[in-house]
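A quick note: this is a predicted structure, and the numbers were derived from the prediction, not measured.
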Amino acid sequence: MSIIGKVDTLWRYPVKSMRGEELNEAFAGFAGIYGDRVFAFRSSASHKGFPYLTAREQRRLLQYRPRFRFPEKAARPINLVEAESKDANPLSADLAELVVDVETPDGETLAIDDPVLIEMLRADIDQKHELKLMRSERAMTDCRPVSIFSLQSARQLGEETGTPIDKRRFRANVYVDLASAQGFAENEFVGKSLRIGPKVVVTVLERDPRCAMITLDPDTGEKTPSILKKVAQAHDGMAGVYGAVMVEGMLHKGDSVEVLD
């Protein structure tokens with residue numbers, strides 16, 4: 001075992017493609033980060049295999065700020081201490097207790113299921129996008145339950161493109177600060193397991209294929225196509241890695257990251 005870095009920040013995204021929230025601690029479960037992407041909007045104009053409305057179609061999505069109405073219920077599984085004492089899987093809160101309110105770009109706060117919110121999201125996009133709210137007990141991620149991205153990769157991309165890179169473009173759950181100064185060093189973890197903090201074990205399954213989302217400024221939605229172009233040309237279209245949680249538990253900002261095999 002060798003420590004290869006530490007957790008820089010932890011993030012989850014209560015509503016898919018809306019602004020994320022930074023956490024000091026987060027529960028990593030088999031289904032993903034607790035409270036991550038539990039809501040999304042299905043679009044009738046999207047592909048059946050990927051039915052969501054995202055910031056690729058409505059860039060202002062990134063300026064909507066979702067918050068859990070009952071943050072203590074959304075912080076961790078409701079019986080975590082008892083479950084861990086019995087070596088059992090913990091329980092999620094009821095979906096009704098994981099309700100989200102959304103602050104709009106204009107500062108108005110609406111419930112996630114308010115029809116007014118849907119009409120706002122449909123503004124300035126093709127009206128063929130009929131939207132329906134989706135909710136799930138597990139994270140509605142694009143691929144694997146947990147995404148990991150290093151500060152060093154963001155820094156290297158900034159050097160390669162001549163543009164300062166905000167790490168938030170990559171919408172990862174776990175941003176890591178690696179001991180190696182080399183960017184994209186997380187590629188070497190594919191096929192290996194990482195222990196993050198004292199308990200959580202994540203097996204890194206594959207590199208993360210990137211799309212136009214990384215071209216969007218996380219605050220303004222402004223596009224910088226050169227970022228995706230550089231990732232495609234220099235890094236096979238991949239940036240960061242996906243993993244699956246093998247041992248559940250709490251993650252904390254500053255936790256050590258070590259390779260197990």
So does [Y] get a backbone contact from the side chain of [X], meaning a donor-acceptor N/O pair under 3.5 Å?
X      : Y      : result
Asp36  : Ala139 : no
Ser2   : Val259 : no
Asp208 : Tyr242 : no
Ser44  : Glu130 : yes
Arg12  : Tyr34  : yes

### Task
Tell me, with the steps shown, if Leu10 and Val174 meet side chain to side chain contact (heavy atoms under 4.5 Å, CB included).
CA-CA 5 Å; Leu10 298 165; Val174 183; 4.0 Å; yes

When you compare the side chain of [Y] with that of [X], does any pair of heavy atoms fall below 4.5 Å?
X      : Y      : result
Thr141 : Arg37  : yes
Val247 : Val200 : no
Phe41  : Leu117 : yes
Ser17  : Met213 : yes
Lys167 : Asp8   : yes
Glu119 : Val116 : no
Leu95  : Glu137 : yes
Leu61  : Met18  : yes

#### Entry: Phe189 and Leu178: CA distance, side-chain angles, deciding distance, side chain to side chain contact (heavy atoms under 4.5 Å, CB included) verdict
CA-CA 12 Å; Phe189 305 152; Leu178 299 178; 4.2 Å; yes

### Message
Walk me through whether Lys73 and Asp94 qualify under salt bridge (charged side-chain N to carboxylate O under 4.0 Å, His left out).
### Response
CA-CA 9 Å; Lys73 299 287 188 181; Asp94 292 337; over 6 Å; no

Separation of [Y] [atom2] from [X] [atom1] (nearest 0.5 Å):
X      : Y      : atom1 : atom2 : value
Asp219 : Asp166 : CG    : CG    : 6.5 Å
Leu110 : Ile118 : CG    : CD1   : 11.0 Å
Leu216 : Arg169 : CG    : CZ    : 7.5 Å
Lys6   : Asp255 : NZ    : CG    : 11.0 Å
Met238 : Arg207 : CE    : CZ    : 5.5 Å
Ile227 : Asp217 : CD1   : CG    : 8.5 Å

### Message
Please determine whether side chain to side chain contact (heavy atoms under 4.5 Å, CB included) holds for the pair Ile4 and Val176, giving the CA-CA distance in whole Å, both sets of side-chain angles, and the decisive distance to 0.1 Å.
### Response
CA-CA 10 Å; Ile4 46 83; Val176 293; over 6 Å; no

Heavy atoms only: give me the nearest [X]-[Y] pair and the separation to one decimal.
X      : Y      : answer
Pro218 : Arg168 : CG-NH2, 3.7 Å
Pro90  : Pro77  : CB-CB, 3.5 Å
Arg171 : Lys16  : NH2-C, 4.5 Å
Pro145 : Gly243 : CD-O, 3.4 Å
Val201 : Ser193 : CG1-CB, 4.1 Å
Ala244 : Leu205 : CB-CD1, 3.8 Å

### Query
Is the Phe70-Phe68 ring centre distance short of 6.0 angstrom?
no

Is there a path of hydrophobic side-chain contacts, each under 4.5 Å between heavy atoms of I, L, V, M, F, W or Y residues, that connects [X] with [Y]?
X      : Y      : value
Val81  : Phe27  : no
Tyr175 : Leu62  : no
Val102 : Phe39  : yes
Val7   : Leu151 : no
Val100 : Ile33  : no

Take atom [atom1] of [X] as the centre, draw a 6.0 Å sphere, and report whether it contains more than 12 heavy atoms from other residues, nucleotides or ligands.
X      : atom1 : value
Arg138 : CZ    : no
Glu72  : CD    : yes
Lys132 : NZ    : no

Hey, can you tell me if [X] and [Y] have their rings parallel, tilted or perpendicular (30° and 60° cut-offs)?
X      : Y      : value
Phe170 : Phe149 : parallel
Phe184 : His235 : parallel
Trp11  : Tyr13  : parallel

### Message
Does Glu103 form a salt bridge (charged side-chain N to carboxylate O under 4.0 Å, His left out) with Arg67? I'd like the steps, not just the answer.
### Response
CA-CA 8 Å; Glu103 181 182 336; Arg67 296 185 178 91; 2.9 Å; yes

Strictly below 4.0 Å, N to O, side chains only: are [X] and [Y] in salt-bridge contact?
X      : Y      : result
Glu206 : Arg144 : yes
Glu22  : Lys253 : yes
Asp124 : Arg60  : no

### Message
Arg195 vs Val202, test: side chain to side chain contact (heavy atoms under 4.5 Å, CB included). Steps then yes/no.
### Response
CA-CA 6 Å; Arg195 176 177 289 131; Val202 176; over 6 Å; no

### Query
Per the side-chain hydrogen bond (donor to acceptor under 3.5 Å, both in side chains) rule, which among Gln58, Glu57, Arg122, His129 passes with Ser43?
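Testing Ser43 for a side-chain hydrogen bond (donor to acceptor under 3.5 Å, both in side chains) against Gln58, Glu57, Arg122, His129 leaves exactly one candidate, His129.
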
